[in-house]
Amino acid sequence: MRLEYTERQKKFRAEVREWMTANVPKQALSSFDTQEGFEQHRAWEAKLHEGRWSAVTWPKELGGRSCDLIDWLIFEEEYWRAGAPLRVNQNGVFLLAPTLMEYGTDEQKARFLPRMAAGADIWAQGWSEPGAGSDMAAIRTKAILTSDSQGDHYVINGQKTWSTRAVYADWCFGLFRTDPDSSRHHGLTFILLPLNLPGISIRPIKQLNGLPGFAEIFFDNVRVPVANRLGAEGQGWNVAMATAGFERGLMLRSPARFQKTAQNLVALYQRHREHADRDPSIRDAVLKSWMDAEAYALSTYQTASRLVRGGHIGPEASTNKIFWSELDLLMHETAMRILGARGELMPEAPEAAESAPWLDGFLFAQAGPIYAGSNEIQRNIIAERMLGLPRA
Amino acid sequence: MRLEYTERQKKFRAEVREWMTANVPKQALSSFDTQEGFEQHRAWEAKLHEGRWSAVTWPKELGGRSCDLIDWLIFEEEYWRAGAPLRVNQNGVFLLAPTLMEYGTDEQKARFLPRMAAGADIWAQGWSEPGAGSDMAAIRTKAILTSDSQGDHYVINGQKTWSTRAVYADWCFGLFRTDPDSSRHHGLTFILLPLNLPGISIRPIKQLNGLPGFAEIFFDNVRVPVANRLGAEGQGWNVAMATAGFERGLMLRSPARFQKTAQNLVALYQRHREHADRDPSIRDAVLKSWMDAEAYALSTYQTASRLVRGGHIGPEASTNKIFWSELDLLMHETAMRILGARGELMPEAPEAAESAPWLDGFLFAQAGPIYAGSNEIQRNIIAERMLGLPRA
Amino acid sequence: MDFTFTEDQLSLSDAIHKFLMVEAAPELLREIWETESGRSAEMRAKLADQGLTALSVPEAYGGMGLGDLDWVLIQQELGYYAIPDSLTATAYLAVYLSKALPEDSKLKAHWLPKIADGSARVAVGHPINPFVADAANASLLLLWHADELHALRPEEATLTLNASIDSSRRLYRVQWTPSDKTRVCGAEQGRELWQGVINRAGVAISAQLLGLAQRMLDLGTDYAAQRKQFGKPIGSFQAVKHHLADVAVKIEFARPVVQRAAQSLATGHPRAGLHVSHARLVAGEAARLAARKSIQVHGAMGYTWEADLQMFMKRAWALDATWGDAIFHKARIADFVLAEGAALGPAETFTH
Amino acid sequence: MDFTFTEDQLSLSDAIHKFLMVEAAPELLREIWETESGRSAEMRAKLADQGLTALSVPEAYGGMGLGDLDWVLIQQELGYYAIPDSLTATAYLAVYLSKALPEDSKLKAHWLPKIADGSARVAVGHPINPFVADAANASLLLLWHADELHALRPEEATLTLNASIDSSRRLYRVQWTPSDKTRVCGAEQGRELWQGVINRAGVAISAQLLGLAQRMLDLGTDYAAQRKQFGKPIGSFQAVKHHLADVAVKIEFARPVVQRAAQSLATGHPRAGLHVSHARLVAGEAARLAARKSIQVHGAMGYTWEADLQMFMKRAWALDATWGDAIFHKARIADFVLAEGAALGPAETFTH
């Protein structure tokens, strides 16, 4: 055990810090759930790419820096420390890319990854369907393999929903039922497709904050070339589980994000301490927030160290999801309690400068225990796969 | 709505207060889970009976005072305010007696109730069996109706467990399977029996605190006259549900008990405030304890008022069980946190004077969410019967 | 000792419940939320028709002369239906303030009848709130200044909109100049009056939060009973059942606390402020838990603008922090419980 | 940066785990709990055979010369099996104190070999604890007085037993008279030494609490998998699953905090005290939750003396309040987090 950074790691951190200091926009970008903000964030992805920071864990030849997970944690710490923007291409860079690298052909990697790293293609995900939320194996949208004069292609019919980023994104990945007689986990295939194909229509879904953070995607005889299939026909569930594993586990939520929030919460508390101390539960929640953010960071460093040494993530990844989502709620609820009657102000209100980011985070935190496998599902996984309790 | 006591109620309160002041033992009695303490508590029941305080809600002709529920709440407030002993005959006076009054014959009432009120017979309950805990309908202990020269009687074989007070008690009531071919709620009968019958053996079960608060009762061809049946043959489930309803609902736990604990907790906190305030969660828990004890009292007064006006208790009684058991845990956990390193002392330790009652209460509080229908069962009842959600 | 409502009280609130079920459907709320003022003349007219604007206006001024205890049941209904109207400020708080004025007060004679017939809207401002709700839309502003009560027209003040996530209220920063002309009542009487306003606002909010909690519980229960996953309604899963059961427990034990606080105001109980703060805390907790559990049960659907739940959640979150946030109310509890010789313990619940 | 243990460290703790599984079964614990001293010479001999008494004694004194980081994994095992022996006070805390003394110290030369070979028991007393555990049973008492370190024989003090619910320790009030004869080290060096003891006791307790939490989780899981109600194992009910899953989450996120605290002690990190207090709080929370959920899953059985669970619960409750209760440790967190210019936020986790 060595809980100090190497000289190389320290130099890497210094390099990130220097670049971020010079390049992070001074003015916060608009939300990427607006057209304007989306393009601002796309430009930021391109800027990151210029500095070779858009996908640091990718191999160098694909525009990354071949960072290991410890480097990635350092990068994330500096990224959040600098107050850099949210990553509009998270679905692509963090979720799809590892799957593409594992299951994609060389042609597919060359075709998709460089454009993804550069922010040229922003990706949406297409997992859920109206009848398939927590129960993802209930997918019904069909993609039927067809041959004609233009070659082999899938014809897709059906509907996806809760597709994050889909309102403005360029591409989408998801699972489709290629064997119409199959059921549950069988007969599904992982397919990549551009969102501007004929037959696709997109209906934005407004979130709590009024912005369209996700969308329904309707498919009406949409033709997708067979070359857009990732992995083998009918093997989609296995391919997708790799992605879902990344989403649930280490990769989706870097500890730096929560540590930054905890730090901001301490500062908020300090500014309002005289009032806040009249309710002792506030101070206690502030201390707990810092401790839990720190614990989450330590846990992540420990997991990363294990992975660097060749270990694997098991069902204990489900504990991550529960921990960070409850921590995120705790921190934002506490902030709202400190802000009191100012917490309700919309971002455009003249006196909302201090409170608006907290309200936005508070609303977003509500989704934490729901998306990427609800916390109830995660608790089932822990009980059944980690503790070995019998299924119902 | 009138939230003030009538002159009659005030006079009643004054009468209770005066008697309690004069008669409550200055020295705490030993635990009624010891032979010595059991007899001390029996003597206290007799003393209460002398003052006509042992069963105030019973009709006057049975030794009670025909108190309505509001009077009962007043009585309980004064009882706890005075620091009077726990009621060793709670199973009898509060659980069995209302059922006896509803389902018993005149002979049965005359035979059992006056002795119960006087503390001459102390009652144990016999609901659970090794395979029938939360799932009470799984009862298997058989009571087969038999006729011989000595008349009709039941022959009982099987085993009860978690029978509170059974180690020292005189009588026991419970459910037995009288139709051997029946299953679940059918074919059960409610029977009363003395614990000194031939064929009965009792194995004390030690609780967390080392004292035998409950017992296993083994039945080996135990003969019980048919006159000891309460209600009709095979109707035991309905008869028992009335009792279980009392247990779950209003009667088992008077708010005064929790208000007394909350008051003691505030006093404990005040004595140790300098230390305790270094952890702000303590103070918050103290305030919450007082608020919740008060809320429990208000809720009970509201229910009592409704019942006095002819209302009924429904499935919302399940909310009571959850509320008081969680409150009791909160209060005792908080006290243990305040007591710190002294909390672990056994009652006989020379320096345990302040802490020992809290440790005892803390251990007892652990049972709260478990007995009388676990809190998981209560939540199912609330969801299914109060909210109308579908059964699994 | 009788902790029940009269048949009259229960049947009035029951009638309002049934009325609002028809007249305040979520689709209508959405429409009103989208308007510029956030108010609807039709909705106001219907409330007036039901007598709600006249509820506590003295009979001499065209009202029904009812009191705090009558209001508390009505407020539960206003919460349940998230009614977007300045009814509480106008017909409860402003009436309470006006009633206290001398019989010859112009304010009293002029405004009470207009409140009763539904034609006036009054906004009430006190520094415990940084903003005054619905000030621009009001016919009259009743404002605190150094414990005095002042009355003015919105045109006499500078109003700056500070939009809230709860679109059923429009918040304004109000800048104005107190003068002899605007003063209606001095600090001596005003001090007590403003305490009365804070406490009445507190009970009204608590009751609305109770209603909101119940509505969110009902929405969650309905959704759970219908929505299927893994081949059965999600409401048959124990985790979902227990989420909702926890909400039911909170509501069940908040209700009597809120109703007692109303009665304490009605009877002038010396610890009314304590009772109100207790009510605020437990009702706020119930509403926050109901929001959290209901959105959890709704899954992703609960996170959308389209699901009705969002309106009730936002209303609950916002309301819970006005007229004293939880910190303010917790401090009032602490001041009582931790005072030397505090009347705690059994037998003290209803003492004075 | 590498947050993993070496193969040697892992295989040592694994060997101890397997050893104790056989040698420290619950039936044996019960027997030892019932004895007057609460100690077993056989158990002690077996621990010494495994090298545990010699673990951090320097090689020059017959020990293995291992450190804080090696101890932390062993302590998890001692907790998991609720080992009733004064091993931690003797072989970890007393060794730490002795090692700091000058090479010519009689104490050092006399006692370290005896500790290493398992023949000595040492009790350590500091006013952060009202009582000294196992004082009557010790060969030597190491006691605090005005930041000095004193050494005496139990016979030189008056010991009053204060029995604990945790029968794996016997607590004594110790009355004694400090003198030049008993003083081993002055206040200047002693001050830092005693901080070191508090922190090492803190890590040892945290690790034991982790082990206890894991044991209670395992007991609950086993019970839930076997016990049937309503025709199926109760572990197939979602409510039971989620109770136990919550415990698993707590343990999972307490473990790295505890292990980091050990490493901070090993490397002399300037914020080691903060890390220890953090470890104490999260490990205590995990153990308390494990106790609560495990007893709940056990149902009435968990409330009995007969179920093994009771020993682990009592040990956890008691241990959690020694060497600084949660209030003490929370205060140390607050002192750091709320200080002006505190190093919070990302990139500060491993700074100095």
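Within every chain, numbering begins at 1; the chains are lettered A, B, ... in the order of the sequence lines, protein sequences first and strands thereafter.
- Of the atoms belonging to Arg332(C), not a single heavy atom falls under 4.5 Å from chain A.
- A donor-acceptor pair is defined here as one N or O able to donate and one able to accept, closer than 3.5 Å; no such pair exists between the side chain of Lys250(C) and the backbone of Leu289(C).
- A donor-acceptor contact closer than 3.5 angstrom is absent between the side chains of Tyr168(A) and Asp33(A).
- Heavy atoms closer than 4.5 Å to chain A are found in the side chain of Leu171(C), but not in its backbone.
- When the shell of 6.0 Å around CD of Glu274(A) is examined, it contains 12 or fewer heavy atoms from other residues, nucleotides or ligands.
- Heavy atoms of Asn162(C) lying under 4.5 Å from chain A belong to its backbone as well as its side chain.
- Ranked by heavy-atom pairs shorter than 4.5 Å toward chain A, the options Gln310(C), Arg288(C), Lys228(C), Arg227(C) are led by Arg227(C).
- Heavy atoms closer than 4.5 Å to chain C are found in both the backbone and the side chain of Leu363(A).
- Side-chain contact annotation: Gln208(C) with Thr88(C), donor-acceptor N/O pair under 3.5 Å present.
- Side-chain polar atoms of Ser164(C) and Asp166(C) form no donor-acceptor pair below 3.5 angstrom.
- The part of Phe131(C) that comes within reach of chain A is its side chain, from C-beta onward, which places non-hydrogen atoms under 4.5 angstrom from that chain.
- Comment: Arg337(A) engages Asp279(A) in a salt bridge, judged by a side-chain N to carboxylate O separation of less than 4.0 angstrom.
- Neither the backbone nor the side chain of Leu211(A) comes within contact range of chain C; no heavy atoms are under 4.5 Å apart.
- A donor and an acceptor atom, one from each side chain of Arg177(A) and Ser182(A), are located under 3.5 Å apart.
- Using a 4.5 Å cut-off between heavy atoms, Leu208(A) contacts chain C through both its backbone and its side chain.
- For a residue to count as touching a neighbouring chain, one of its non-hydrogen atoms must lie under 4.5 Å from one of that chain's; by this rule His243(C) touches chain A with the side chain only.
- The part of Asp335(C) that comes within reach of chain A is its side chain, from C-beta onward, which places non-hydrogen atoms under 4.5 angstrom from that chain.
- Side chains of Ser318(A) and Gln378(A): a donor-acceptor N/O pair is present below 3.5 angstrom, by distance only.
- Counting non-hydrogen atoms of neighbouring residues, nucleotides and ligands closer than 6.0 angstrom, the CZ atom of Arg271(A) exceeds 12 such neighbours.
- For Met313(C), the part lying under 4.5 angstrom from a heavy atom of chain A is the side chain only.
- Residue Asn209(A) touches chain C through its backbone alone, counting heavy-atom pairs closer than 4.5 Å.
- Ala318(C) touches chain A through backbone and side chain together, each having a heavy atom under 4.5 Å away.
- For Phe364(A), the parts lying under 4.5 angstrom from a heavy atom of chain C are both the backbone and the side chain.
- The closest side-chain donor-acceptor pair between Arg342(A) and Ser355(A), if any, does not fall under 3.5 angstrom.
- The pair Asp134(C)-Arg39(C) meets the salt-bridge criterion, since a charged nitrogen lies less than 4.0 angstrom from a carboxylate oxygen.
- You'll find the ring centres of Trp127(A) and Tyr371(A) outside the 6.0 Å limit.
- With a 4.5 Å cut-off on non-hydrogen atoms, Thr160(C) touches chain A through its side chain but not through its backbone.
- Looking at Ala138(A), neither its backbone nor its side chain comes within 4.5 Å of chain C, counting heavy atoms on both sides.
- Ranked by heavy-atom pairs under 4.5 Å with chain A, the list Gly299(C), Ala239(C), Ala334(C) is led by Gly299(C).
- The candidate from Lys314(C), His329(C), Glu306(C) with the greatest count of non-hydrogen atom pairs under 4.5 Å with chain A is Glu306(C).
- Proximity to chain C (any heavy atom under 4.5 Å) is shown, for Arg379(A), by neither the backbone nor the side chain.
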